[in-house]
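Here the structure is laid out as structure tokens; the discussion comes afterwards.
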Number of protein chains: 2
Amino acid sequence: MSTIEDVAKLAGLSRTTVSRVLNDHPYVSDEKKKLVQQAMKHLGYVPNSAARSLRNQKTGIIAVLIPKISTPFFSQLIERLEMAASVKNYQLIICQTQFSKHKERSYLDLLKTKQVDGVIMTSCENDWSVIDEHLNYGPIVLCNEILEDGNIPMIYMDQFCSGYEVAKHLLEQGHSRIAYCSNGSQSIGMKARKRGFEAALAEAGHPFDDEFYFQHLSSITDGKQVFQQIKGLTNPPTAIFTGGDSVAAGLISEAKKHGWNIPVDLAVVGFDNMEITELMDPMITTVIQPVEEMAQKAIEVICEKIHKKQYRSYERHEFSSKLAIRESTMIKPRLVATS
Amino acid sequence: MSTIEDVAKLAGLSRTTVSRVLNDHPYVSDEKKKLVQQAMKHLGYVPNSAARSLRNQKTGIIAVLIPKISTPFFSQLIERLEMAASVKNYQLIICQTQFSKHKERSYLDLLKTKQVDGVIMTSCENDWSVIDEHLNYGPIVLCNEILEDGNIPMIYMDQFCSGYEVAKHLLEQGHSRIAYCSNGSQSIGMKARKRGFEAALAEAGHPFDDEFYFQHLSSITDGKQVFQQIKGLTNPPTAIFTGGDSVAAGLISEAKKHGWNIPVDLAVVGFDNMEITELMDPMITTVIQPVEEMAQKAIEVICEKIHKKQYRSYERHEFSSKLAIRESTMIKPRLVATS
DNA sequence: GTGAAAGCGCTAACAG
DNA sequence: CTGTTAGCGCTTTCAC
């Protein structure tokens, strides 16, 4: 492995000059520049990044903290983050926290060891004080998460608005008995979603009924179970916002097995716009998150922070969801059955 | 940010001793050891990883080259790779090649710049010569890919066997007119899968019919289109191996819309065991890949290579798939319809 | 057991 | 425009 010294010798110049060529500095004569470039090519020289990191005090690496990579939403987010980072010549280290406080903290320590220039958190298990302490070592930005009072950039979707729009849509379809599911998270975003949902109902004069509030649902199985609960009600809801596509799909699949007609007997709305939503019969009405925009903003913001070396600042970047209205909430005129 | 020097001063000792404590070297008196540890705690000292990398000539980072992160199979693979790497205290840099030869090569260069200790490729667009050249700088292992004649470790699934088992299962269900779909890849693995499929058919005395060979299918839309083709055939197949769950799901969804009964009119087998396979009605028979085992082996092998500093070696690690038999290929006695 | 000193490969003052 | 020099933070001979 050749070093800058080797290149310098071969070109008959000093390390400095080679370094200048390497970093596109001005004040190098074209003649010597060419000499250096030839020597580099000849030796197959590539600068050593550890040495550069040590000298420059930056690595060109950003850590992304993710609870679980294979979750469709998160894998899409990583994909977009990677694409945006790649444009700016940053590498991404992927850290799976598995919702563990401890793991999360140990990954934040990558800032202290200077293994990364910044951290993007897509969820946050620890208290603000933990984040705050790490801010002495580098920038942290939240993408897809909110933390009250934190003076760091936060990039997120307007959940109040998502909840509001879903409810509005269902109300417009003539529903008034509408169920709501949460995944159990008590995050600010989740609370906002519920508030938005309730607000629309209240406006329409159909205050939210706690009997229709189902909690801790996130999987397909959960969706199946929630159907069983609904089936058991004497006066069941006519529509449901499941808060997740897996739940919606599980619920629909189970409901169909029991002869229910979706959306006639029960209108269903999911969340995330996963692939299944277009595969199920009926296709599922769902909320589309602005993944690409959030990812791009997150990279943009963290790069700026790294550059400015100013890690604390109150910044909110809010994006809007879109509602994809599909068959699971739209009652169509029936086709005449051929017998 | 405090350095080893600061710790040494505070403890009234030399950098060497501090370093020894840091690296658990023997020959440090317990007394001084404690002194050092106190000083480290007091200063909140954490070793700088760039300096360590430079000095030790290793980074503790592995690059994973992936065509597209959000593909369910790949996101599962990344998840498992991350978990296995984390156990060995390695970080993973995720590089999305997007099937680009050029990007792939530039990521392989991370080995030259010493930004990573090794590379795991989950697909390979470049020729062997490109790989070979980079082997001068660090280990490369293939996980989920085969390259003829390459003298590097390759971890993969026995595709011949997968294809064989699928065909066998369909034959046992009484089918003889069985269609086969490929995603267009001409990789060794894909060829093996097809050979396995054909072998089973040949054994049963039902040689493969090229009329039933559909190519370049990978998406839901492709699945829908292939159904249209099948519907147009005068003498259509009674079973089909779609080579992918998305294709299978798209096909089934379209077939149902046209009143076909799956599996009675057409038995369908997917590939990958994605979530949808259990959500569709009927649930889809599919091939389960040994993702976890392959990921663990890949990490194990690359760590060993890094350790031994011997990058070239002919190694094959083959794993087996499992067939998950579900409703899309099993004709059940019909339930009596209540009218 | 412990410390002094050299050096991993690179960049940025500072001179000239 | 170019070179000399110091040093980023760490580990490791080699002495003592």
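The structure presented is a predicted model; accordingly, all values stated were derived computationally and were not measured. Each chain gets a letter, A, B and so on, in the order the sequences are listed, and its residues count up from 1.
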Taking only N and O in the side chain of A/Lys32, is any of them less than 4.0 Å away from OP1 or OP2 of D/dT2?
yes
Does the side chain of A/Gln96 come within less than 4.5 Å of A/Lys68's, by heavy atoms?
yes
Salt-bridge contact A/Lys101-A/Glu104 (side-chain N to carboxylate O under 4.0 Å):
no
Evaluate whether atom NZ of B/Lys33 has more than 12 neighbouring non-hydrogen atoms of other residues, nucleotides or ligands under 6.0 angstrom away.
no
Give a yes or no on whether the backbone of B/Tyr314 and the side-chain of B/Asn151 come within a donor-acceptor separation of less than 3.5 Å.
no
Backbone N or O of B/Ser53 within a donor-acceptor pair of the B/Lys58 side chain at under 3.5 Å?
no
Looking at B/Gln76 and B/Val291, would you say the former's side chain and the latter's main chain have a donor-acceptor pair under 3.5 Å?
no
Atom pair distance, as rounded to whole Å: CG in A/Asn23 and C1' in D/dT2:
16 Å
Below 4.0 angstrom, which residues in residues 38-49 of chain A have at least one non-hydrogen atom near DNA chain C?
A/Tyr45, A/Pro47, A/Asn48
Rounded to the nearest 0.5 Å, how far does CG of B/Asp132 lie from CZ of B/Arg312?
4.5 Å
Of the residues in residues 10-21 of chain B, which ones touch DNA chain D at a heavy-atom distance under 4.0 Å?
B/Arg15, B/Thr16, B/Ser19
For A/His25, is the NE2 atom crowded, meaning more than 12 foreign heavy atoms sit under 6.0 Å from it?
yes
Please give, in whole Å, the distance from D/dG9 C1' to B/Lys9 NZ?
13 Å
Whole angstrom is fine here: how far is it from CG in A/Asp6 over to P in C/dG9?
9 Å
D/dG9 P sits how many Å from B/Met1 CE, rounded?
10 Å
Return the value, rounded to whole Å, for the distance between atom CD1 of A/Ile4 and atom P of D/dT4.
14 Å
note: A/Tyr27, atom OH; D/dG3, atom P; distance rounded to Å ~ 17 Å
Can a donor-acceptor pair be found, under 3.5 Å and without considering hydrogens, that links the side chain of B/Thr3 to the backbone of B/Glu5?
yes
Between CG of B/Leu35 and P of C/dT2 the distance, given in whole Å, is 10 Å
Point-to-point distance, once rounded to the nearest 0.5 Å, from CD of A/Glu82 to CD1 of B/Ile93
10.5 Å
Under 3.5 Å, is there a donor-acceptor pair between the side chain of A/Thr71 and the main chain of A/Phe74?
no
Using atom NZ of B/Lys112 as one end and atom P of C/dC10 as the other, report the distance to the nearest whole Å.
14 Å
In numerical order, the residues of residues 50-59 of chain A whose heavy atoms come under 4.0 Å of DNA chain D are A/Leu54, A/Arg55, A/Gln57
